[in-house]
Protein chains: 2
Amino acid sequence: MYKEKEELPAVTGDFYEQSEKMYVATDCIIFGFDSGNLKLLLFKRRVAPLEGEWSLIGSFVKLDEDVSAAAERVLEEITGLKNVFMEELKVYGAANRDPGYRCISVGQYALIRLKDYDKELVEHHGAVWHDVKELPSLVLDHEQMVEDALEKLKQKARYQPLGFELLPEKFTIPQLQSVYEAIFQKELDTRNFRKKVFSHNVLVKLDEKDKSGSKRGAFFYMFDQKRYKKLVEKGNDFEVF
Amino acid sequence: MYKEKEELPAVTGDFYEQSEKMYVATDCIIFGFDSGNLKLLLFKRRVAPLEGEWSLIGSFVKLDEDVSAAAERVLEEITGLKNVFMEELKVYGAANRDPGYRCISVGQYALIRLKDYDKELVEHHGAVWHDVKELPSLVLDHEQMVEDALEKLKQKARYQPLGFELLPEKFTIPQLQSVYEAIFQKELDTRNFRKKVFSHNVLVKLDEKDKSGSKRGAFFYMFDQKRYKKLVEKGNDFEVF
DNA sequence: AAAAATTAATGTACGATATACATTTATTAA
DNA sequence: TTAATAAATGTATATCGTACATTAATTTTT
């Protein structure tokens, strides 16, 4: 027999010693929506290294903490929000991505309702909302993360009802359309949009109107989570859009 | 001013000390295709811990190594193959996923041509191909990884020409259909399948026939990478299937 | 009180695509 | 020559995507 350890150093699953530490971090790409535009929450670093530079909001993953929990912790620390839509984007694992340390980062993107977050907390951390069309330079590979997140959002939003995550519970159809126009970066036809979103029977019309946007006013709607879940369970692999 | 470090422990991006090590690994979900069935390459552990148990093939990520490079290294060490389709699946980051150590794993799935790999190398590592419909129990969260990979493959294969990665360069339409039937886990209509795959003009018909599967023989085709890339560049967001 | 202004809401016709479905063809083996 | 086998092909229908213009409700202005 051959000596297993020597001939099969890496794939056998037994541990070898690493002389330096490997760090694991998570960075959050936090999206919001306001007056027709997608917004991104960025953070101006107030300590070295990279003081004064804009970056995403992140943290190291603690040794006894799930990676997803780390991202939830960061989000809550910055915005005060729990239980919002958040999902893994991608691992950023280039050996040289962070000069000086070896650190991989798990990018996670979140969609939040701009009305809900804790403004004091955000300001206290030096975090600021930026229009995604006018972003400053970001540290490290954070610009890549944002680009990837925008692309993933575009893809996912076609088959999962993500638009609703960016709006208040009560919203109007013109508002919803505006969200999707921001995500897909193109204008949509009003009539076709309505046809599509109504076709799934997951919107509940309310009696109330939103008069802030027009003289006539637009009816409020709510998204029916239960009915949506039933559709998914039935294996309905439908396009929300 | 407040003391930044105390009040903002985690989100400022500066380093705090971790008392124990965080390990980063990668596990490869390696798919092949043979006689109508999807196959998965599994590895019977020959050393403690978990000796004798089946697991995916993995490795720790080295300190000076990209995460993706680690997966490529594992794949080559096991199969002798380079430059095959491989893509990140998901991070497995539960704090307690590996008893004893804190280790996160980046799952990566690969699609390989069964004719190409180095059989001696595979056997030498104690790796064995299993039909995905008859898998043994796997260690840790590896069963979850396989399930996730199968689901992702199903999703991705609709919009990206992944089926070709599992076949030899020259293949017949019945073979190709068989691959997609294995991926989607359902039977497809011959006429509609042909209509669809030919509609994109990315298949090149050869003069040669494959007589192994029938008396009449089926013509060989090749996938035209260049023409496919042109379509993608034109922004053609088409369903391969 | 009437008119103007503004955004919300609605329907239809046409083209493209998905789906369901049965027969003929090429070749080998008997 | 016949039988057997899998490969190859076309059409009709339903569904869905897309393009496109007018009317309705309400407030503000005159």
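To find a chain, count down the sequence lines: A is the first, B the second, and so on, and within it residues start at 1. As the structure is a computational prediction, the values presented were derived from the model and not from experiment. The figures here come from the full heavy-atom set of this structure, side chains too, leaving out hydrogens, waters and symmetry mates.
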Partner of A/F171 by ring pair (Phe, Tyr, Trp, His ring centres under 6.0 Å), out of A/Y221, A/F164, A/F220: A/F164
Side-chain donor-acceptor pair present, B/Q144, B/Y92, cut-off under 3.5 Å: no
Minimum-distance nucleotide (side-chain atoms of B/A218 versus D/dG17, D/dA7, C/dA20): D/dA7
Value in whole Å for how far the P atom of D/dA6 lies from CG of B/L176: 19 Å
From CA spacing to verdict: side chain to side chain donor-acceptor pair (under 3.5 Å), B/T172, B/D210: CA-CA 7 Å; B/T172 67; B/D210 169 35; 4.7 Å; no
Interatomic distance where CZ belongs to A/F219 and P belongs to C/dT7 [whole Å]: 18 Å
Protein-nucleotide distance (B/F220, atom CZ; D/dA8, atom P), rounded to Å: 11 Å
Nearest-Å distance for atom pair CD1/P, residues B/I173 and D/dA6: 18 Å
Identified side chain to side chain contact (heavy atoms under 4.5 Å, CB included) counterpart of A/L41 within the set A/L114, A/V122, A/L56: A/V122
Sugar-phosphate, base or nothing in reach of B/Q175, heavy atoms under 4.0 Å: nothing
Length of the line joining B/D189:CG and C/dA18:P, which is rounded to integer Å: 13 Å
Nearest-Å distance for atom pair CD/P, residues A/Q177 and C/dT7: 14 Å
Nearest-angstrom distance from the residue atom CZ of A/F193 to P of D/dA19: 16 Å
Out of C/dT19, C/dA9, D/dA8, whichever nucleotide has its closest atom nearest the side chain of B/R194: D/dA8
Sidechain-backbone polar pair: B/D66 side chain, B/S68 backbone, donor-acceptor under 3.5 Å: no
hbond_proxy B/K195 side chain to C/dT19 base (donor-acceptor, 3.5 Å cutoff): yes
Separation of atom CG in B/D210 from atom C1' in C/dA26, rounded to whole Å: 14 Å
From A/D118 atom CG to A/L81 atom CG, the distance as rounded to the nearest 0.5 Å: 8.0 Å
Reading 5' to 3' through nucleotides 21-30 of chain D, protein heavy-atom contacts under 4.0 Å coded B for base, S for sugar-phosphate only, - for none: B--BBBB---
Test: B/K44 and B/E53 ion pair at under 4.0 Å: no
